[in-house]
Peer 1: 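Got a structure for you, questions after.
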There are 2 protein chains.
Amino acid sequence: MAENTGGEGLLFLTDEQLRKGIEAMFFAYRGFTADPDRILETKDYGRAHHRAVHFIHRSPGTTVSNLLLILGVTKQSLNRVLRSLIDDGLVRSEKGKVDARERHLHLTDKGQMLERELSDAQRARMRAAYRTAGPQAVAGFRQVLEAMMDPEMRRQYNRLKEGG
Amino acid sequence: MAENTGGEGLLFLTDEQLRKGIEAMFFAYRGFTADPDRILETKDYGRAHHRAVHFIHRSPGTTVSNLLLILGVTKQSLNRVLRSLIDDGLVRSEKGKVDARERHLHLTDKGQMLERELSDAQRARMRAAYRTAGPQAVAGFRQVLEAMMDPEMRRQYNRLKEGG
DNA sequence: TTGGAAAGTCAACAAGGCTGACATAAATTC
DNA sequence: GAATTTATGTCAGCCTTGTTGACTTTCCAA
């Protein structure tokens, strides 16, 4: 079957093409989470912990509210996860100095270690995929993903993208 | 910040680049599931039902074992979902003619209707993203996703890709 | 000083994963 | 033909991670 996904600028969006994209997202996301999941399992954490650790690492000193926005879960759900990370000494929560209602979140050294382990694994897979596909494919990959986001999430993504 | 994701064939895989890819996957997957999730909510189904319906539609007459392979869950987990779909008259389960131990799964008309509704929504978003990003980006998108899959999942994906 | 925002907590619930144990029918092997 | 294996289904119980609702404490700002 001729794929016709080439760069000739034609529209080619058959249902078949779109379905393949949908299934690619499904199977790829499984791969994407597989390595961290294996690590987390050995440590009695889950994906929710990974996400929190990732974004705290990404934006040290971020507040709970901000994290809620990014993760898109309820504070009760996030709190449960943060609670265990704080109790286990991976995350430090500090009262804000300008606004003392806010809690600013940081990874401890122990938290950094877990983050490192998880992101090393995830980056390794991403790196391998990027190498296999090549730079041009990577640019396209990012473009399509970005276009697939909800506008609000795209805002969050771009905010993070430019160091912040 | 110069992005340097262009097509000049150099290696550019900084941790920063990889992190962006990781976050793009995270946020994009949220968008990817958002529309079906909204529809499913109104019908008291979840993502697990969507996945079952999708792959039964995709491979009519598929067996329970095959579905287990593709979805990567336990039979107990799948059974709970199939049970409700069968009881609600969306899926028909038939004893195999050559091997009567197997159950062959089909969508009923009602099941086809739900599948249509869900996939229309998901395709609409995918189509919009593809249009925005352009054909060349789409090819790259698919290449990277494919490279990101576990080998076993890539096999499943390719099996499905070529009608079947 | 009071209203509302930020955060935390308790309780209860649901979806959808998981394991383990067991049942049944049918196919396959010995 | 008997024994074993395979495909499926089901019961029971557990876990994670999401949800809603109610309530409190803290504290900024009008």
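Letters go in sequence order (proteins before strands), and every chain restarts at 1.
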Peer 1: Are A:K95 and C:dA6 close enough that a side-chain N or O sits under 4.0 Å from OP1 or OP2?
Peer 2: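 Indeed not, no polar side-chain atom of A:K95 lies that close.
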Peer 1: Looking at side-chain heavy atoms only, is the closest gap between A:T63 and A:R103 below 4.5 Å?
Peer 2: no
Peer 1: Suppose we call a contact any N or O donor and acceptor under 3.5 Å apart; does that hold for the side chain of A:Q76 and the base of D:dG21?
Peer 2: yes
Peer 1: Where each residue is assigned the nucleotide of DNA chain D containing its nearest heavy atom, which of A:A48 and B:L68 is assigned the position nearer the 5′ end?
Peer 2: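 Nearer the 5' end of the strand: B:L68.
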Peer 1: How close or far is atom C1' of D:dT19 from atom CG of B:D37, stated in whole angstroms?
Peer 2: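 After rounding, the reported distance stands at 14 Å.
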Peer 1: Atom CG of A:L67 and atom P of D:dG18: how far apart are they, to the nearest Å?
Peer 2: 12 Å
Peer 1: Between B:D15 and B:R19, does at least one N-O distance fall below 4.0 Å, as a salt bridge requires?
Peer 2: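 No, no charged N to carboxylate O under 4.0 Å.
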Peer 1: Whether the side chain of A:R80 and the base of D:dG18 hold a donor-acceptor pair under 3.5 Å is what I'd like checked.
Peer 2: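 It does, because a donor-acceptor pair links the side chain of A:R80 to the base of D:dG18 below 3.5 Å.
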Peer 1: Counting only side-chain N and O atoms of A:R83, is one of them less than 4.0 Å from OP1 or OP2 of C:dT9?
Peer 2: yes
Peer 1: In whole Å, I'd like the distance from the NZ atom of B:K97 to the P atom of C:dA27.
Peer 2: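 So the two atoms are 14 Å apart, to the nearest Å.
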Peer 1: Take atom CG of A:D44 and atom P of C:dC18, then tell me their distance rounded to the nearest Å.
Peer 2: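 These atoms are roughly 17 Å apart.
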Peer 1: Expressed as a whole number of angstroms, how long is the span from B:L40:CG to C:dA14:P?
Peer 2: 18 Å
Peer 1: State whether the distance check finds a donor on one side and an acceptor on the other, under 3.5 Å, for side chain B:R101 versus base C:dA27.
Peer 2: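 In this structure, the two groups form no donor-acceptor pair.
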Peer 1: Is the B:F26 to A:F55 ring centre distance short of 6.0 Å?
Peer 2: yes
Peer 1: Considering only NZ, NE, NH1 and NH2 on the basic side and carboxylate oxygens on the acidic side, decide whether B:E23 and B:K20 come within less than 4.0 Å.
Peer 2: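 A salt bridge is absent here (no side-chain N lies under 4.0 Å from a carboxylate O).
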Peer 1: Find the distance B:E102:CD to C:dT28:C1' and express it as a whole number of Å.
Peer 2: 14 Å
Peer 1: Any base atoms under 4.0 Å from B:H104, or only sugar-phosphate, or nothing? Heavy atoms, all strands.
Peer 2: nothing
Peer 1: Please figure out whether B:K75 or A:R51 has its closest DNA chain D nucleotide nearer the 5' end.
Peer 2: B:K75
Peer 1: Roughly, in whole Å, what's the span from CZ in A:R103 to C1' in C:dG8?
Peer 2: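 Roughly 8 Å, once rounded to whole Å.
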Peer 1: Does the side chain of A:H49 get closer than 4.0 angstrom to OP1 or OP2 of D:dT17 through an N or O atom?
Peer 2: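 Yes, A:H49 has a side-chain N/O under 4.0 Å of OP1/OP2 on D:dT17.
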Peer 1: Using the side-chain heavy atoms of B:S77, tell me which of these nucleotides is nearest: D:dG9, D:dT17, C:dG16.
Peer 2: C:dG16
Peer 1: Starting at CD of A:E41 and ending at P of D:dT17, how long is that distance when rounded to a whole Å?
Peer 2: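 Nearest whole value for this atom pair: 12 Å.
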Peer 1: Closer than 4.0 angstrom, basic N to acidic O: yes or no for B:R154 and B:E152?
Peer 2: no
Peer 1: Check the phosphate of C:dC18 against B:T74, side-chain N and O only, distance under 4.0 Å to OP1 or OP2. Yes or no?
Peer 2: yes
